[in-house]
Structure formats: structure tokens, C-alpha cells
Asker: 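Please see the structure below; I have some questions.
Computed from a prediction, not measured in an experiment: that's the story for all the values here.
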Amino acid sequence: MPELPEVETMVRGIRSHVEGRRIRRVRLCPCSRRPILLEPGFEQMAARAEGRKITQVWRRAKRVVLALDSDDAFVIEPRMTGLMLLDDPPSVEHLRIEWQLAGRGAYRSVWFWDRRGLGTIRLLDPQQQDEVLGPGNLGPDALDMTIADWQVICRGSSTPIKVLMLNQKKVAGIGNLYASEILHLSRIHPETRARNISRQKLRQLAENTVAVLELAIRYEGSTLSDGTYRNALNKAGGYQNAHRVYDREGEPCPTCGRSAIVRIVQSQRSTFFCRSCQRKPRGLTR
DNA sequence: ATTAATGTTCAGAA
DNA sequence: TTTCTGAACATTAA
């Protein structure tokens, strides 16, 4: 579930309670039926983190990073259903990892909860952090993308723009939900080949990417109908009420008010858009 | 019973 | 060599 706004909300939610505190213990929760995707020997490696101080909590794309004073860092990928929580989990059943915190504070632990269990947690040394979080593996953070950055990734690419927006090596942080929202606001047809998008449209794409993601962060992310996503205090986000097209097939377009939102499939993922407001450029087939 | 779900990775194809 | 597609991962709810 979590895309950039949801992961940013997790980071902001736990940061003030976690930064500066020492890790007393890292515990694999017995209640998880199967282990989450952990590196072999994770438990021994986790012991390496015990007694260390968490110096910084930050976000890279859709990952949470807990940086330690040993220069190691936990890198957490929530993927579809992972959550970082301070307490009050949605269920005890899918708690996976507990970081017990030493010293005084409002919360004794940080938890990783993951219903589907696709999320990953790794403890990485500085070199591994560079490999996993660096430009070889992830493009520029979506909030940092300039028009020039968009031009670079779109130039010469025959990939449909919506598919390209989901390629984390090109631009990092946008997921399936926000790609549809950004393209609708930008009035760009999701099947437009990236190389065919005009300079003017690229400017709108750059501006609306930041606008949509920042607004979604302000609303603390999107909690969809299955209710899975919660912030660090197990409260639902609010941006789903502002969705223009995502999961709104058949509803009238909020821009033109006449055409109905349609759903198509690209790269095995649903895309939602308005056929009236989002047109492909005419006369360009290559 | 079947299908789809906010993500990523891998093998194999183009 | 690069880019792209489909399947897989595990769980749940409609």
C-alpha cells in the first residue's frame, strides 16, 4: 500500500519518538506465521544493532531508514501492507518485528506490522546502503524531480508515461494510486509514450507531482476501502476522500463533470482516467 | 471458487 | 545491451 506520502507519514509519525533513543532489543515476533523477507542471519545481525542509538529516521522513496550511531541502518520496505507503528496495532496477528527502545519516552517500542508479509527489513552497512538507496538502484525522489529530470527520463522513451512513472529506477516514490491522480490533474493520457509529451505538459507533470504528493502528505496518506493503511498511531489517512480518479470507475470526471472515469490495465496494474480530459497528442505515432 | 489489491524482483523475451 | 512482460511472493475480502 504505502507509496511516498504514506511512507513519509510513517517517518514523521515515529521520528520524534525514536530519534536519539537506544535500541534495547530487536525481536522477531512469534506471532508471525512465516518469517518476513529477511536476510539470512538477520537475528545475528540484529544483535549488532542492540545497544546502538537511532540517530536519524528518514525516508528514501518508499523506504523507511533508521540510521544508527554505528553507521549501520535498518532499511524497511513496507511494500503492499507494511506499517510502522508506535503502539495499538491493527491486529496482534501480523506483527513481525519489534524494536524495543531503551530509556524514557512516550512509547516503549516501534513495531513493523505487515498483513500480507511481502515487506522487507534489512540491516545494512554504509556500502550496502549506497547500493540499495543510491542512484544505481533508485531514481531521484519524486519530490525532488525538476522539469529537466522529467525531460531526461522521458526523452526517447517509448514506454507509456504511466508505466514509466512506476519505474523506481527512473523516478522513485510514485506508486499505482498517485500515478493515476497526477496524470489526471496534468491532463495527460496514461498511454502516451513518454517521448511524445510536450514540454508544456512535462512542466505540468513536474508541478502536479509535487502538488499531489505534498497534499497527500498533509492528509497523512490514503486509506483505501480495505482499511489497511494506518499512520504510526493506527489512525486512517484522509487523502482517499480527495481522490479524483483512483478506484472511481464509472463516476463522473471531477474536471469535466460529464465523462465517466474508465479503468484500463497497464503492466498488470489498474489505471484510472478520463477519456475526455486526458488525450494523447494528435499526429504522433512514433 | 475466483479475482484483485497501494510493491518489488526475477527469469525470460523482445 | 537495454527494456519490457508476466509470474511469483502471502493474505484477505468482495
Side-chain angles (χ1 to χ4, degrees), chain A residues 1-10 29 31-39 59-64 75-84 89-96 112-122 131-133 136-139 142 152-183 191 193-195 212-213 216-217 219-231 236-249 263-272:
Chain A
M1 97 178 342
E3 305 182 27
L4 185 153
E6 289 76 26
V7 177
E8 178 66 22
T9 302
M10 292 176 198
C29 299
C31 32
S32 108
R33 282 178 225 150
R34 293 171 176 234
I36 50 179
L37 290 137
L38 297 170
E39 301 283 297
R59 176 188 61 77
R60 171 73 169 111
K62 303 174 192 173
R63 290 132 207 240
V64 177
V75 175
I76 298 122
E77 285 185 35
R79 300 212 181 167
M80 294 293 269
T81 54
L83 302 176
M84 296 294 284
S91 72
V92 175
E93 187 181 9
H94 297 113
L95 285 172
R96 308 278 175 166
F112 181 68
W113 180 95
D114 188 0
R115 196 187 62 201
R116 282 170 69 176
L118 301 177
T120 69
I121 296 179
R122 286 175 284 187
E131 291 166 9
V132 168
L133 303 176
N137 198 41
L138 292 173
V152 167
I153 68 170
C154 289
R155 183 175 300 139
S157 172
S158 61
T159 304
I161 182 60
K162 194 266 190 167
V163 176
L164 183 136
M165 291 169 78
L166 297 183
N167 183 339
Q168 303 298 300
K169 285 190 161 65
K170 307 282 185 183
V171 47
I174 300 172
N176 198 46
L177 188 165
Y178 292 103
S180 283
E181 293 297 314
I182 292 164
L183 287 173
E191 291 177 314
R193 293 170 185 267
R195 67 158 86 104
V212 166
L213 296 178
I217 291 168
Y219 280 85
E220 302 206 297
S222 300
T223 298
L224 302 186
S225 52
D226 74 356
T228 302
Y229 170 71
R230 325 296 286 186
N231 70 12
Y239 193 71
Q240 64 280 3
N241 301 315
H243 289 176
R244 308 164 62 85
V245 291
Y246 185 82
D247 206 16
R248 294 197 184 281
E249 183 179 15
R263 170 186 174 274
I264 62 173
V265 174
Q266 297 176 281
S267 293
Q268 307 168 287
R269 320 286 310 271
S270 289
T271 302
F272 299 88

Asker: What pairs with A:F112 under ring-ring contact (aromatic ring centres under 6.0 Å, His included), at least two apart in sequence or on another chain?
Answerer: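 A:F112 satisfies ring-ring contact (aromatic ring centres under 6.0 Å, His included) with no residue once adjacent residues are dropped.
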Asker: What residues form a side chain to side chain contact (heavy atoms under 4.5 Å, CB included) with A:S180, not counting sequence neighbours?
Answerer: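 A:K162, A:V245, A:T271, A:F272.
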Asker: Can you tabulate the close N/O pairs, meaning under 3.5 Å, that link protein atoms to atoms of nucleotides 8-14 of chain B?
Answerer:
residue : atom : partner : partner atom : Å
B:dT8   : OP2  : A:K62   : NZ           : 2.9

Asker: If the condition is side chain to side chain contact (heavy atoms under 4.5 Å, CB included), which residues does A:A236 pass it with, not counting sequence neighbours?
Answerer: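 By the side chain to side chain contact (heavy atoms under 4.5 Å, CB included) rule, A:A236 matches A:T223, A:R230.
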Asker: Rounded to whole Å, how long is the line connecting atom CG of A:L224 with atom C1' of C:dA13?
Answerer: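 Distance check: A:L224 CG to C:dA13 C1' gives 13 Å.
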Asker: Sequence neighbours excluded, which residues qualify as salt bridge (Lys or Arg N to Asp or Glu O under 4.0 Å) partners of A:R269?
Answerer: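 Here no residue qualifies.
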Asker: Is there a side-chain contact between A:I153 and A:V171 (heavy atoms, below 4.5 Å)?
Answerer: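 Result yes, sub-4.5 Å side-chain heavy-atom pair found.
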Asker: To the nearest angstrom, how far is A:L118 atom CG from C:dA7 atom P?
Answerer: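 Nearest whole value for this atom pair: 17 Å.
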Asker: Pairs counted only when both distances fall under 3.5 Å, Watson-Crick or G-U: show me the 5' to 3' dot-bracket for DNA chain C, [ ] for pseudoknotted crossings and | for other-strand partners.
Answerer: .||||||||.||||
Asker: What contact category does A:S270 fall into here, base, sugar-phosphate, or nothing, at under 4.0 angstrom with non-hydrogen atoms?
Answerer: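 The answer is sugar-phosphate, as A:S270 gets under 4.0 Å only of primed atoms, P, OP1 or OP2.
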Asker: Mind calculating the distance between CE (A:M165) and P (B:dT6) to the nearest angstrom?
Answerer: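 A:M165 atom CE is separated from B:dT6 atom P by 15 Å.
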Asker: Please pick, from C:dT12, C:dT11, B:dA4, the nucleotide with the shortest atom-to-atom distance to any side-chain atom of A:R116.
Answerer: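 For A:R116, the side-chain atoms sit closest to C:dT11.
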Asker: Mind calculating the distance between CH2 (A:W113) and P (C:dA10) to the nearest angstrom?
Answerer: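 Rounding to the nearest Å, CH2 of A:W113 and P of C:dA10 are 17 Å apart.
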Asker: From CZ of A:R60 over to P of B:dG7, roughly how many Å is that when rounded to an integer?
Answerer: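 These atoms are roughly 16 Å apart.
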Asker: Taking only residues two or more places apart in sequence or in another chain, which ones pass side chain to side chain contact (heavy atoms under 4.5 Å, CB included) with A:R248?
Answerer: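 Counting only residues at least two positions away or on another chain, A:R248 forms a side chain to side chain contact (heavy atoms under 4.5 Å, CB included) with A:H243, A:E251.
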Asker: Taking the side chain of A:N176 as its heavy atoms from C-beta onward, which of C:dT12, B:dG7, C:dT5 lies nearest to it?
Answerer: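 Side chain of A:N176 sits closest to B:dG7.
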Asker: Can you tell me if the side-chain N/O atoms of A:H94 get under 4.0 Å from OP1 or OP2 in C:dT12?
Answerer: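 Looking at the OP1 and OP2 atoms of C:dT12, one of them is under 4.0 Å from a side-chain N or O of A:H94.
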Asker: Give the rounded distance in Å between these two atoms: CG of A:D226 and P of B:dT6.
Answerer: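 One finds 10 Å between P of B:dT6 and CG of A:D226, rounded.
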Asker: Look at A:R122 together with A:E77 and state whether they make a salt bridge at an N to O cut-off of under 4.0 Å.
Answerer: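 Looking at A:R122 and A:E77, the cut-off is met.
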Asker: Output the rounded distance in Å from CG (A:L164) to P (C:dT2).
Answerer: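 These atoms are roughly 17 Å apart.
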Asker: Check whether any side-chain N or O of A:R115 sits under 4.0 Å from OP1 or OP2 of B:dT6, and answer yes or no.
Answerer: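 So the side chain of A:R115 is outside the cut-off, no N or O lying under 4.0 Å from OP1 or OP2 of B:dT6.
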Asker: So what does A:Y178 touch, heavy atoms closer than 4.0 Å: a base, only the sugar-phosphate, or nothing?
Answerer: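 No contact.
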Asker: Please list, chain by chain and in numerical order, all residues satisfying side chain to side chain contact (heavy atoms under 4.5 Å, CB included) with A:A172, sequence neighbours excluded.
Answerer: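 Scan of A:A172 (side chain to side chain contact (heavy atoms under 4.5 Å, CB included), adjacent residues dropped) gives A:R60, A:A61, A:L138, A:Q168.
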Asker: Find out whether A:Y178 and A:E6 are in side-chain contact, i.e. whether some heavy atom of one side chain is under 4.5 Å from a heavy atom of the other.
Answerer: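 Sidechains of A:E6 and A:Y178: in contact.
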Asker: Mind checking what makes side chain to side chain donor-acceptor pair (under 3.5 Å) contact with A:E191, not counting sequence neighbours?
Answerer: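 Once residues adjacent in sequence are excluded, A:E191 has no partner under the side chain to side chain donor-acceptor pair (under 3.5 Å) criterion.
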Asker: To the nearest angstrom, how far is A:K170 atom NZ from C:dT2 atom P?
Answerer: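 The distance from NZ of A:K170 to P of C:dT2 comes to 11 Å, rounded to the nearest Å.
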Asker: OP1 or OP2 of B:dT6 less than 4.0 angstrom from a side-chain nitrogen or oxygen of A:S222, does that happen here?
Answerer: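 For B:dT6, OP1/OP2 do not have a side-chain N/O of A:S222 under 4.0 Å.
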